[in-house]
Amino acid sequence: MKNKQAQINDILADFDKNNFQQDLINWFKKEQRSLPWRDNQDPYRVWVSEIMLQQTKVDTVIPYFNRFIEKFPTPEKLAEADEQEVLKAWEGLGYYSRARNLQNAIREVVSDYGGKVPEEADELASLKGVGPYTKGAILSIAYDKPEPAVDGNVMRVLSRILHIQDDIAKQSTKKLFEGIIREVISQEDPSSFNQGLMELGALVCTPKSPSCMLCPVQEHCRAYQEGVEQELPVKTKTKKQKKVPYAALLITNEQGEVLVQQRPEQGLLANLWEFPMVPMEDIDREHLPHWFFGEYGMMITPGKAVDKIKHVFSHLIWDLEIIPCTFDKGELDHPRARFVAMDELESYPFPVSHQKIAKHCK
DNA sequence: AAGCCGGGGAG
DNA sequence: CTCCCAGGCTT
């Protein structure tokens with residue numbers, strides 16, 4: 001192809017933009033779900049919802065959103081909270097860097113913008129965790145600005161309506177869709193337009209078997225007219241995860257407290273808590289006590305495994321063997337580990353995998 | 001461009 | 001099982 005704008009012009013040459021906008025917006029205003037973050041246009045609430053909704057289903061987000069807003073009703077309240085408190089509110093939702101970045105960004109809003117979420121695209125984009133999608137979502141939904149908010153739904157819906165066969169896994173394709181949205185977005189109601197595309201993707205133009213008979217923009221859809229809606233969007237495969245074996249240790253002392261530790265500040269499940277994990281890919285089973293003494297300064301005797309847990313992440317798989325251990329002697333010497341009473345465990349943020357392990361404590 | 005970063009539900 | 005979900009950051 002020549003250049004991007006030429007491609008966009010070509011795609012939109014025979015597209016009935018005005019009627020498409022009207023059909024989409026009318027449908028959205030009539031059929032949209034009642035969701036807590038749609039109560040008003042408070043940019044803080046819109047922001048929190050958009051972060052939570054990243055790679056996460058609406059039904060999963062609803063209870064988290066309500067609890068989060070109740071606990072941190074304003075930017076100021078979130079800014080002054082402990083990070084552990086925020087992670088606890090995020091516990092089980094996944095992608096925990098979202099929570100840390102959100103608080104980081106909100107603190108910047110409070111200190112540098114007087115607590116008011118910026119309306120300027122560049123200022124918004126400079127905030128931690130606010131990428132092209134979230135920026136556009138906040139600008140259009142909270143501030144009624146005609147900015148593209150291109151997510152997976154929008155790419156699926158538009159690839160079908162406009163019969164676009166570019167690979168949506170490529171970021172150049174996302175740019176293409178942003179360019180298209182800039183051309184076709186409603187200037188009068190960009191909020192309903194953007195949300196309408198996403199709502200359509202969630203309720204009608206679904207990945208597997210779209211409900212084309214119920215679609216409000218069926219007459220605008222090139223893929224439907226050609227009967228190829230199931231073939232779109234085009235997306236390259238993702239490779240499968242690597243398995244990593246661990247022994248998760250349940251170590252209790254004489255007071256009945258259990259040993260837990262805070263994970264590193266960066267990387268997987270950053271700053272969440274866990275039971276000590278021994279990488280069994282590197283450590284021979286009989287050397288486990290020796291390895292543990294070197295790391296923690298304590299002598300332990302591993303018992304028999306009481307359970308196995310397989311936990312799947314997006315890029316790897318943990319094979320966890322749950323092993324209760326007796327604490328023989330020595331003194332705990334580890335910067336991020338401590339003994340905690342059983343009834344205090346619940347105040348620490350744990351990933352779901354270790355919440356399952358914790359059930360074996362009793 | 002590719003890898004890292006969670007967890008859940010649909011089919 | 002596979003896919004994917006209102007993505008962003010890092011390398």
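Within every chain, numbering begins at 1; the chains are lettered A, B, ... in the order of the sequence lines, protein sequences first and strands thereafter. Because the structure is predicted, anything quoted here is derived from the model rather than measured.
When each of A:Leu127 and A:Glu50 is assigned the nucleotide of DNA chain C bearing its nearest heavy atom, the one mapping closer to the 5' terminus is A:Glu50. A residue-by-residue look at A:Lys170 and A:Leu268 shows that A:Lys170 has its nearest nucleotide of DNA chain B further toward the 5' end. Toward the 5' end of DNA chain C, the nearer of the two residues A:Asn101 and A:Pro233, judged by each one's closest nucleotide, is A:Pro233. Two residues, A:Lys239 and A:Ser353, neighbour DNA chain B, and the one matched to the more 5' nucleotide by heavy-atom proximity is A:Lys239.
Note: the hydrophobic cluster containing A:Val110 also contains A:Phe68 (ILVMFWY, side chain heavy atoms under 4.5 Å, direct or indirect links).
Contact annotation for A:Gln195: no contact, since no heavy-atom pair falls under 4.0 Å across all strands. Base contact: A:Tyr95 has a heavy atom under 4.0 Å from a base atom. Residue contacts shown for A:Leu269 are limited to sugar-phosphate atoms, with no base heavy atom under 4.0 Å away. Among the heavy atoms of the strands lying under 4.0 Å from A:Ser314 is at least one base atom, whether or not backbone atoms are also near. In this structure, A:Trp318 reaches neither bases nor backbone, as no heavy-atom distance under 4.0 Å exists between it and the strands shown. Counting non-hydrogen atoms under 4.0 angstrom, A:Val61 reaches nothing in the nucleic acid. If you check every strand for non-hydrogen atoms under 4.0 Å, A:Arg263 touches nothing. Counting non-hydrogen atoms under 4.0 angstrom, A:Arg100 reaches nothing in the nucleic acid. Looking at heavy-atom distances under 4.0 Å, A:Lys310 makes contact with sugar-phosphate atoms alone, never a base. As judged by a 4.0 angstrom heavy-atom cut-off over every strand, A:Lys135 is placed among residues making no nucleic acid contact. A:Gly201 comes within 4.0 angstrom of no nucleic acid atom, judged by non-hydrogen atoms across all strands. A:Thr56 comes within contact range of at least one nucleobase, with a heavy-atom separation under 4.0 Å.
Separating the P atom of B:dG11 from that of C:dA6 is a span of 14 Å, rounded to the nearest Å. Annotation: B:dG8 and C:dG8 have their P atoms spaced 22 Å apart (nearest Å).
A salt bridge links A:Glu321 with A:Arg285: the distance from a Lys NZ or Arg NE/NH1/NH2 to an Asp or Glu carboxylate oxygen falls below 4.0 Å. Contact check on A:Glu91 versus A:Lys88 returns a salt bridge, with a Lys/Arg side-chain nitrogen under 4.0 Å from an Asp/Glu carboxylate oxygen.
Paired with A:Trp273 under the rule side-chain contact (heavy atoms from CB on, under 4.5 Å), one option of A:His354, A:Arg338, A:Arg263 passes, and it is A:Arg338.
Counting heavy atoms from C-beta on, the side chains of A:Gln41 and A:Asp144 come closer than 4.5 Å. Using a 4.5 Å heavy-atom threshold, the side chains of A:Glu274 and A:Arg336 count as separate. Contact of the A:Val109 side chain with the A:Trp47 side chain is registered, since non-hydrogen atoms from C-beta on lie closer than 4.5 Å.
Using modelled atom types and a 3.5 Å distance limit, the side chains of A:His220 and A:Asn19 yield no donor-acceptor pair.
Within residues 203-213 of chain A, no residue approaches DNA chain C, by heavy-atom distance under 4.0 Å.
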Original post:
Where do A:Asp167 and A:Thr173 land on the side-chain hydrogen bond (donor to acceptor under 3.5 Å, both in side chains) test, with the steps shown first?
Top reply: CA-CA 7 Å; A:Asp167 180 3; A:Thr173 305; over 6 Å; no
Subject >> Residues A:Ser159, A:Arg222; criterion side-chain hydrogen bond (donor to acceptor under 3.5 Å, both in side chains); working and verdict >> reply: CA-CA 9 Å; A:Ser159 71; A:Arg222 294 172 183 165; over 6 Å; no
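Applying the 6.0 Å contact sphere to CG of A:Asp39 captures more than 12 heavy atoms from other residues, nucleotides or ligands.
Taking atom CD on A:Gln54 and atom P on C:dG7, their separation rounds to 7 Å, with Å as the unit. If you take CG of A:Leu93 and C1' of C:dA6, they are 13 Å apart, rounded to a whole angstrom. With rounding to whole Å, A:Tyr96 atom OH is found 17 Å from C:dG8 atom C1'. Across the protein-nucleic acid pair, A:Leu102 atom CG and C:dA6 atom P stand 19 Å apart, rounded to whole Å. Distance A:Phe313 CZ to C:dC3 P: 20 Å, rounded to the nearest Å. Distance CD (A:Gln171) to P (C:dC9): 13 Å, rounded to an integer number of Å. The distance between atom CD of A:Glu265 and atom P of C:dC9, rounded to the nearest whole Å, is 19 Å. Distance CZ (A:Arg98) to C1' (C:dG7): 9 Å, rounded to an integer number of Å.
Considering only the side chain of A:Arg38, C:dA6 comes nearest among C:dC5, C:dG7, C:dA6.
The structure places NZ of A:Lys116 at 11.5 Å from OH of A:Tyr113, a figure rounded to the nearest 0.5 Å.
Protein chain A contacts DNA chain B over a range whose 5' and 3' limits, counting nucleotides with an atom under 4.0 angstrom from a non-hydrogen atom, are B:dA1 to B:dG8.
Distances shown here put a side-chain N or O of A:Gln55 below 4.0 Å from the OP1 or OP2 atom of C:dG7.
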